[in-house]
K.L.:
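Got a structure for you, written out below as structure tokens; questions coming shortly.
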Amino acid sequence: MKRNYDKPLLHNLKLINDWKLFGCLRFEELVSKDRCLQVWYSFIRNIERRNRGQWFVRLEGDNILTKRHIHFLIGKRGLKKTYSIKNLINSSIWDLKNRYSCVRSGSSVIKDFDYSKGGTAYVTKLSGFEAPNYKGKGLDSAENSNWKMSFNLKKRIKRINENAEFIMQDTLLH
């Protein structure tokens, strides 16, 4: 089966050279997209410093063919702690399990980001088997790719792209 990717998103996520973690939160019960985002924000607010984190989250599953789950990337910038981040994340997941039954019955995987494994490609793949989501409330993208990225990550990607554009224009002028 040939995979299709959100190529502009893949390009932009590959511009970030300091991804720290790749992870997944799986739910074993039916969960709305709104609840997924509520769980995500509860999770990320425990590990980022004053809403300054650089993260990307993708919601997958449609509760019909596949149960909903969250894949995410977390950058090094803006974390409360970088030296014991896994302990902080495990503590955050424990807190989520106490607050949300959908997390309690689910599972999680947290790994150090490995550039050779293509984590950015994984989170930008387009699903061909889920029902499209035409309601993008709370998301940066909906339909066949349901995702959100932090404000600081958007700002950083924009700055990188503007600098690259300026360099290209300057090169063409000389």
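Being a predicted model, the structure only gives us computed values, none of them experimental. In what follows, every heavy atom counts, from backbone to side chain, and hydrogens, waters and symmetry copies are set aside.
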K.L.:
Would you say that Ile89 contacts Phe43 through its side chain, given a criterion of any heavy-atom pair below 4.5 Å between the two side chains?
P.N.:
yes

K.L.:
Side chains of Asn51 and Arg45: do they bring a donor and an acceptor to under 3.5 Å?
P.N.:
yes

K.L.:
Is the shortest heavy-atom distance from the side chain of Lys33 to the side chain of Asn146 under 4.5 Å?
P.N.:
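They are in contact (side-chain heavy atoms under 4.5 Å apart), so the answer is yes.
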
K.L.:
Apply side-chain hydrogen bond (donor to acceptor under 3.5 Å, both in side chains) to the pair Asp34 and Ser32, showing each step before the final yes or no.
P.N.:
CA-CA 5 Å; Asp34 288 342; Ser32 70; 5.2 Å; no

K.L.:
What pair of heavy atoms forms the shortest contact from Trp19 to Gln54, and how long is it?
P.N.:
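Closest heavy-atom pair between Trp19 and Gln54: CZ3-O, 3.9 Å.
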
K.L.:
Tell me if a side-chain donor or acceptor on His69 pairs with a main-chain N or O of Lys67 at a distance below 3.5 Å.
P.N.:
yes

K.L.:
Using atom types as modelled and distance alone, determine if a side-chain donor or acceptor of Ser150 lies under 3.5 Å from a backbone N or O of Leu153.
P.N.:
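Indeed, once roles are kept as given, a pair shorter than 3.5 Å links the two residues.
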
K.L.:
According to salt bridge (charged side-chain N to carboxylate O under 4.0 Å, His left out), who are the partners of Arg26, at least two apart in sequence or on a separate chain?
P.N.:
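Salt bridge (charged side-chain N to carboxylate O under 4.0 Å, His left out) check on Arg26 returns nothing, list empty.
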
K.L.:
Any idea which heavy atoms bring Leu9 and Trp147 closest together, and the distance?
P.N.:
CD2-NE1, 3.5 Å

K.L.:
Ignoring hydrogens and angles, tell me if any N or O in the side chain of Thr124 forms a donor-acceptor pair with the backbone of Thr120 under 3.5 Å.
P.N.:
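Yes, because the side chain of Thr124 sits within donor-acceptor range (under 3.5 Å) of the backbone of Thr120.
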
K.L.:
Under 3.5 Å, is there a donor-acceptor pair linking the side chains of Ser42 and Tyr100?
P.N.:
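Indeed, the side chains of Ser42 and Tyr100 share at least one donor-acceptor pair under 3.5 Å.
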
K.L.:
Considering only NZ, NE, NH1 and NH2 on the basic side and carboxylate oxygens on the acidic side, decide whether Asp140 and Lys154 come within less than 4.0 Å.
P.N.:
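Judged by the 4.0 Å cut-off on N to carboxylate O distance, Asp140 and Lys154 do form a salt bridge.
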
K.L.:
Check whether any side-chain heavy atom of Ile47 sits under 4.5 Å from a side-chain heavy atom of Lys80, and report yes or no.
P.N.:
no

K.L.:
Can you confirm whether Val123 sits close enough to Phe22 that some side-chain heavy atom of one is under 4.5 Å from a side-chain heavy atom of the other?
P.N.:
yes

K.L.:
Would you confirm whether Arg104, through its side chain, and Lys97, through its main-chain N or O, come within 3.5 Å as a donor-acceptor pair?
P.N.:
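Yes, because the side chain of Arg104 sits within donor-acceptor range (under 3.5 Å) of the backbone of Lys97.
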
K.L.:
Heavy atoms only: give me the nearest Leu25-Ser108 pair and the separation to one decimal.
P.N.:
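Closest approach of Leu25 to Ser108: CD2-CB, 3.5 Å.
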
K.L.:
Could Lys155 and Phe151 be counted as a cation-pi pair, given that NZ or CZ must be under 6.0 Å from the ring centre and within 45° of the axis?
P.N.:
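Output no; distance or angle outside limits.
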
K.L.:
What heavy-atom pair brings Leu139 and Leu59 nearest, and what distance separates the two atoms?
P.N.:
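The answer is CD2-CD1, 3.9 Å.
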
K.L.:
For Arg58 and Leu126, which heavy atoms make the closest approach, and how far apart are they?
P.N.:
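Minimum heavy-atom separation between Arg58 and Leu126: NH2-CA, 4.2 Å.
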
K.L.:
Between the side chains of Glu29 and Ser101, is a donor N or O closer than 3.5 angstrom to an acceptor N or O?
P.N.:
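Yes, side-chain donor-acceptor contact under 3.5 Å.
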
